[in-house]
Amino acid sequence: MLDPKIIRDQSDWVRQQLTHRHYPVQYLDAYLNADVVWRDRLQDVDALKNERNRLTPKSKPTPEQQASLKQLSDTIKSKQDELSVLEESVKKAALLLPNIPHESVPIGESEDDNIEIKRVGDPRIFSFEPAPHEAIAVSRQLIDFDSAAKIAGSRFSVYKGSGAKLERALINLMLDIHTQDHGYTEFIPPVVINSASLQGTGQLPKFEGDLFKLEGTDYWLSPTAEVQLTNLARDTIIDEDNLPIRMTAQTACFRKEAGSYGKDISGIIRQHQFNKIELVQLCHPDQSMAQLHELLGHAERVLQVLKLPYRVIQLCTGDIGFSSGITFDIEVWFPSQNTYREISSCSNFFDFQARRSMIRYRDKLSSKVNYLHTINGSGLAVGRTLAAILENYQRDDGSVDVPEALIPYMKSELL
RNA sequence: GGAGAGAUGGCUGAGUGGCCGAAAGCGGCGGUUUGCUAAACCGUUGUACGGAUGCAAAUCCGUACCGGGGGUUCGAAUCCCCCUCUCUCCGCCA
């Protein structure tokens with residue numbers, strides 16, 4: 001949710017910023033028009049209510065007073081009904097407005113205009129043709145795609161034996177890094193969540209089609225623990241002294257991946273269910289940009305520990321997500337595809353989610369409340385990390401070296 | 001699944017039709033006292049939305065808000081209905 005005052009007072013600027021992210025501007029105009037009408041009527045109704053409050057006596061009124069007040073009340077009631085409809089439409093329109101990109105975000109049309117910030121680690125030179133991760137996973141009996149298709153469907157996977165253990169080892173390694181070295185508190189939240197939570201972080205109402213819904217209920221399967229962790233703070237006021245609040249969770253994430261037909265159909269890059277370690281921070285507004293870069297470093301650290309080559313890119317205005325004000329993606333090297341693939345996305349939402357979710361902090365000096373900033377990132381997507389390990393650590397005999405950092409968790413050196 | 005109790009401000013907790021935006025306490029903020037800290041004492045302290053003034057910090061005006069929604073009434077935290085959630089007991093169960 002954007003600050004209504006900014007939309008009104010600087011509508012031309014807002015219009016331009018939203019154009020940069022290909023936002024259909026007629027939605028903004030719809031909002032502005034609804035807002036004007038609503039405020040106009042609001043003043044009328046408030047004036048009538050004021051009259052009623054002034055005229056209503058403190059004790060039992062005369063019959064004549066009662067009669068005229070009754071008439072006034074009835075008038076208010078019907079005008080209030082009209083006003084409520086208008087207010088509802090303003091709120092609905094406001095929920096469809098995306099975040100305004102931060103001024104430092106490069107203007108661009110699509111992912112082709114994203115900017116590479118840096119590359120870390122040199123891709124290994126192979127003396128043989130590197131196999132794709134799914135071939136390795138199948139031949140080493142780490143993942144059983146056929147069984148997954150049988151018990152669920154396509155875009156699911158069954159991890160087995162060392163494959164399941166590797167997934168678990170990665171989860172433990174990542175959570176240990178973030179809780180022990182980076183100061184995050186670990187959570188295990190529900191993966192079944194309600195629509196208020198999804199509206200709070202911005203998945204609803206606009207992206208209903210990307211989500212699994214439990215039939216006949218208000219329950220959904222969470223697409224990311226960002227939703228659960230951020231909503232832990234919904235409708236709360238946090239003392240400034242307690243900021244930043246750092247939360248992490250490993251959860252299964254569920255996405256319909258509608259509209260991605262033909263994309264990444266083999267392997268575990270794009271699944272309906274996948275594990276992800278999420279990092280969420282609640283920040284003081286003055287600190288959020290610095291914290292975002294720190295959080296990005298927390299995610300990078302996992303790849304450094306695993307000695308996987310990666311790069312960091314900054315998303316352009318045409319590619320950042322609906323709720324995000326600025327996003328950096330981390331992409332890990334996939335030798336079989338000769339390319340980097342997304343493994344983490346780190347964003348600053350500024351006060352966008354905090355406004356939707358009513359997450360505020362109390363300023364120490366003024367003791368006023370104000371919206372805080374939310375930032376989050378993956379740290380990391382577990383399945384994609386596992387896939388990257390299979391590819392980057394494969395040997396010419398088809399086996400896979402266990403990365404040094406995982407040996408204590410795996411208690412073996414070879415897959 | 002059955003029976004009962006409850007939901008009030010940052011927190012605890014009074015309040016059964018008008019004197020209630022709401023007692024009291026805690027916490028917060030300001031002050032007095034003090035070498036400093038603590039204690040004590042005094043004062044102050046809700047949020048959202050709209051409007052006005054101001055460069056702004058802010059100030060003033062209005063409206064609403066006692067879990068959510070609807071109803072009764074001239075007037076609702078208070079009475080009625082529906083929903084959600086929490087707690088207790090019973091049943092069932094990983």
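By convention in this document, chain letters (A, B, ...) are assigned in the order of the sequence lines, proteins followed by strands, and residues within each chain are numbered from 1. Atom set for the values below is all heavy atoms of this structure, side chains included, hydrogens, waters and symmetry mates excluded.
- Residues from residues 27-41 of chain A placing a heavy atom under 4.0 Å of any atom in RNA chain B, listed by number, are A:Trp38, A:Arg39.
- Spacing between atom CD1 of A:Ile237 and atom P of B:rC11 amounts to 8 Å, rounded to whole angstrom units.
- For A:Ser222 (side chain) and A:Val191 (main-chain N/O), no donor-acceptor pair under 3.5 Å exists by modelled atom type.
- Here B:rU47 presents its P atom at 12 Å from OH of A:Tyr371, a figure rounded to the nearest Å.
- When distances are taken from the side chain of A:Gln43 to each of B:rC49, B:rG51, B:rG62, the shortest belongs to B:rG51.
- At a threshold of 4.0 angstrom between heavy atoms, the contacts of A:Lys91 with the nucleic acid are absent.
- The distance from atom CD1 of A:Ile238 to atom P of B:rC11 is 13 Å, rounded to the nearest whole Å.
- Counting all heavy atoms, side chain and backbone alike, A:Ile375 lies closest to A:Phe349 at CA-CD1, 4.2 Å.
- Of the two residues near RNA chain B, A:Val369 and A:Asp46, the one whose nearest nucleotide lies more 5' is A:Val369.
- Taking the six-membered ring where the residue is Trp, the centroids of A:Phe254 and A:His272 are separated by 6.0 Å or more.
- When the C1' atom of B:rG18 is taken as reference, atom CG of A:Leu55 falls 15 Å away, rounded to whole Å.
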Review point. What string of B, S and - do you get for nucleotides 65-78 of chain B 5' to 3' if you count protein non-hydrogen atoms under 4.0 Å?
Key: -------S-BS---

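- The closest side-chain donor-acceptor pair between A:Gln80 and A:Ser84 falls under 3.5 angstrom.
- Ring pair A:His298/A:His182 is parallel by interplanar angle, where below 30° counts as parallel and above 60° as perpendicular.
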What's touching nucleotides 52-60 of chain B from the protein side, N or O pairs under 3.5 Å?
none

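- B:rC85 atom P lies 16 Å from atom CG of A:Asp235, rounded to whole Å.
- With 3.5 Å as the limit, one finds a donor-acceptor pair spanning the side chains of A:Gln337 and A:Arg341.
- In terms of phosphate contacts, A:Asn53 brings a side-chain nitrogen or oxygen within less than 4.0 Å of OP1 or OP2 of B:rA64.
- Residue A:Arg360 is classed as a sugar-phosphate contact, given heavy-atom separations below 4.0 Å to backbone atoms only.
- When rounded to the nearest whole Å, the span between CE of A:Met1 and C1' of B:rC49 equals 12 Å.
- With B:rC49, B:rU63, B:rA48 as the choices, the nucleotide that has an atom nearest any side-chain atom of A:Asn50 turns out to be B:rU63.
- Among residues two or more places apart in sequence or in another chain, the side chain to side chain donor-acceptor pair (under 3.5 Å) test is passed with A:Thr251 by none.
- Straight-line distance from the CG atom of A:Asp363 to the C1' atom of B:rG28: 12 Å, rounded to whole Å.
- Under 4.0 angstrom from either OP1 or OP2 of B:rG50 there lies at least one side-chain N or O belonging to A:Arg8.
- Distances were taken from every side-chain heavy atom of A:Met358 (C-beta onward) to each of B:rU63, B:rA48, B:rG51; the shortest belongs to B:rA48.
- Residues A:Tyr310 and A:Tyr340 keep their aromatic ring centres 6.0 Å or farther apart.
- No hydrogens or angles considered: nothing links the side chains of A:Arg356 and A:Thr201 as a donor-acceptor pair under 3.5 Å.
- Between the side chain of A:Thr19 and the backbone N or O of A:Arg15, at least one donor-acceptor pair lies under 3.5 Å.
- There is no side-chain donor-acceptor pair under 3.5 Å between A:Asn194 and A:Asp218.
- Remark: RNA chain B forms stems of 3 or more consecutive Watson-Crick or G-U wobble pairs, all pair distances under 3.5 Å, at B:1-7 with B:84-90, B:10-12 with B:24-26, B:27-32 with B:40-45, B:46-53 with B:58-65, B:67-71 with B:79-83.
- No side-chain donor-acceptor contact under 3.5 Å links A:Thr317 and A:His20.
- Proximity of the aromatic rings of A:Phe352 and A:Phe322 is defined here by a centroid distance below 6.0 angstrom, and this criterion is met.
- In this view, A:Ala387 and A:His133, A:Ile268, A:Phe334 satisfy the side-chain contact (heavy atoms from CB on, under 4.5 Å) rule, not counting sequence neighbours.
- A heavy-atom distance below 4.5 Å is not found between the side chains of A:Leu214 and A:Phe212.
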